[in-house]
Amino acid sequence: MCYHNSLKKEAKEISEYYEASFEERDLFTPIFHAAGFSFPHWPIVCTEASIRKIELSEWGLIPSWAANLMEANRLRSTLLNARSETIFEKISFKNNIMQQRCLIPSTGYFEWQQVQKKKYPYFISLRNVEIFSIAGIINTWMDTETKKTKSSFALITTSANSCLEKIHNTKKRMPLIVHKSDEGKWLDNNLTETEIKRMMTPYPSEEILFHTVSNLISNFATKNSNRAEVSTPYVYPEFQQQRFF
DNA sequence: CCAGACGTTGTT
DNA sequence: GTCTGG
DNA sequence: CCAGACGTTGTT
DNA sequence: GTCTGG
């Protein structure tokens, strides 16, 4: 699973990294932390008429058959993630994975480790890169009441690599991270199922960076977790003690 | 054929 | 809307 | 989709 | 082998 993400970059930097235009750049501000369950707007990279572009889309895929906004919001909370293992079979995803793939820029995501009865949050990022891409699928939904269309997306997950299964030790999942060298290919709309599946492997453990963070993001009472400090390293006293064993 | 599902697994 | 399970 | 049916109606 | 019910 992956429900907590960050994108701590200005629109200009994102646009430069992907060499793609970002029309709605003025509406974007860096995201230190956002939870999928709040259906945040996120810049995503996709291909339209063979041109790569960045558009703001909402996390939480709304299936085309959602009858109204209330139903859309109910449905999408279970469509924040899509399992790579079954994405070609599920009716909510199968068309999108073939024709509507996107890249979700990230500067690191958050995951919890269960130790005895407690959960400790971690910030997870990649070695030697500031921005990386998580694989996703997009859908465009028409609200029949307002006649307006809404772009939404789901983040693809895969089994955790040996490093991340120690952190996310309850479900052992991780986001499907696309190698920099595969980004163009992922956005190619002419791929076969086999070609897509070949890119669906857990990112190597050696490239993963992680550290524990404060429970700022864990606390429902926190009014706004979208602050720079959410990913600042924070060492739990009991973790320090563990090192002596 | 047709009713019912359609999805994932949070910090609660 | 489309697929699946029974 | 697939398991299970697939048939008729004596007078006994 | 083909149809039907679920």
Side-chain angles (χ1 to χ4, degrees), chain A residues 1-6 31-40 58-100 104 106 108-124 134-145 149-150 152-160 164-165 167-176 193 200 202 210 212-227 229-231 234 236 238-239:
Chain A
M1 61 106 247
C2 186
Y3 290 143
H4 298 262
N5 205 357
S6 75
I31 301 165
F32 298 103
H33 167 253
F37 294 96
S38 64
F39 312 134
E58 292 178 25
W59 190 0
L61 190 133
I62 304 174
S64 307
W65 39 269
N68 53 56
L69 190 59
M70 190 186 282
E71 200 190 343
N73 287 338
R74 183 178 59 80
L75 292 164
R76 71 192 308 194
S77 62
T78 58
L79 300 169
L80 294 164
N81 291 176
R83 294 174 67 94
S84 55
E85 295 90 336
T86 51
I87 197 167
F88 291 96
E89 298 155 22
K90 301 291 181 180
I91 53 175
S92 296
F93 302 141
K94 58 195 303 180
N95 298 326
N96 310 77
I97 186 59
M98 291 308 295
Q99 291 301 322
Q100 299 283 122
I104 304 154
S106 175
Y109 71 101
F110 300 85
E111 196 56 86
W112 280 259
Q113 181 181 44
Q114 176 113 36
V115 181
Q116 277 107 48
K117 291 284 160 81
K118 287 190 71 179
K119 288 206 166 195
Y120 298 91
Y122 283 72
F123 180 73
I124 297 152
I134 298 173
I137 48 176
I138 325 166
N139 195 45
T140 303
W141 174 72
M142 161 88 79
D143 184 335
T144 52
E145 285 166 4
T149 58
K150 203 188 263 284
S152 60
F153 67 93
L155 177 161
I156 303 175
T157 66
T158 186
S159 54
L164 289 166
E165 71 176 17
I167 295 174
H168 186 23
N169 52 4
T170 51
K171 301 293 179 185
K172 302 188 176 178
R173 305 290 298 168
M174 67 180 280
L176 178 60
E193 184 172 331
M200 290 178 158
F210 59 88
T212 47
V213 295
S214 76
N215 62 14
L216 204 56
I217 58 164
S218 306
N219 192 351
F220 287 109
T222 303
K223 284 210 172 86
N224 184 6
S225 61
N226 190 21
R227 298 146 57 177
E229 316 88 88
V230 293
S231 55
Y234 176 92
Y236 291 84
E238 55 267 44
F239 272 48

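In what follows, chains are A, B, ... by sequence order, proteins preceding strands, each numbered from 1. None of these values were measured; they are calculated from a predicted model. We use all heavy atoms of the structure for the numbers below, so side chains are in, but hydrogens, waters and symmetry mates are not.
- Judged by distance alone, with hydrogens and angles left aside, the side-chain atoms of Ser152(A) form no donor-acceptor pair with the main-chain N or O of Glu58(A) at under 3.5 Å.
- Looking only at distances, a side-chain donor or acceptor of Asn96(A) sits under 3.5 Å from a matching main-chain atom of Ile138(A).
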(request) Can you run through DNA chain D from 5' to 3' and write each base as (, ), [, ], | or . depending on how it pairs? Watson-Crick or G-U wobble, both distances under 3.5 Å. (result) ||||||......

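- Between Phe153(A) and Trp59(A), the ring planes lie parallel to each other; the angle is under 30°, not in the 30° to 60° tilted range.
- Of the possible polar contacts, none joining the Ser84(A) side chain to the Ile156(A) backbone as a donor-acceptor pair under 3.5 Å is found.
- Taking atom C1' on both nucleotides, dG5(E) is separated from dT4(C) by 16 Å, rounded to a whole Å.
- Looking at heavy-atom distances under 4.0 Å, Ala154(A) makes no contact with the nucleic acid at all.
- In this structure, Leu79(A) atom CG and dC6(B) atom P are separated by 11 Å, rounded to whole Å.
- For the P atoms, the distance from dG1(C) to dG4(D) is 35 Å, rounded to whole Å.
- As a whole-Å value, the separation of Ile62(A) CD1 from dG1(C) P is 16 Å.
- A gap of 9 Å separates the C1' atoms of dG6(E) and dC2(B), to the nearest Å.
- A donor-acceptor pair is defined here as one N or O able to donate and one able to accept, closer than 3.5 Å; no such pair exists between the side chain of Asn226(A) and the backbone of Ile31(A).
- Atom pair Asn96(A):CG and dC6(B):P shows a separation of 17 Å (rounding to whole Å applied).
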(message) Using ring-ring contact (aromatic ring centres under 6.0 Å, His included), reason through Tyr122(A) and Tyr120(A) one step at a time and then give a plain yes or no.
(response) CA-CA 7 Å; Tyr122(A) 283 72; Tyr120(A) 298 91; 8.0 Å; no

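- Distance Leu155(A) CG to dT9(B) C1': 14 Å, rounded to the nearest Å.
- Here the side chain of Asn169(A) pairs a donor or acceptor atom with the backbone of Gln114(A) at under 3.5 angstrom.
- Straight-line distance from the CG atom of Asn139(A) to the P atom of dG1(C): 14 Å, rounded to whole Å.
- Proximity of Arg83(A) to the phosphate of dT9(B): a side-chain N or O atom is located under 4.0 Å from OP1 or OP2.
- In this structure, the CZ atom of Phe88(A) is 20 Å from the P atom of dC6(B), given to the nearest Å.
- Atom-to-atom, CD1 of Ile97(A) to C1' of dT2(C) comes out at 18 Å; the value is rounded to the nearest Å.
- Here Trp65(A) does not pack flat against the base of dT2(C), since the 5.5 angstrom centre distance and 30 degree tilt limits are not both met.
- In this structure, CD1 of Ile91(A) is placed 12 Å from C1' of dG5(C), rounded to the nearest angstrom.
- At the heavy-atom level, Ser92(A) lies under 4.0 Å from the strands shown only through sugar-phosphate atoms.
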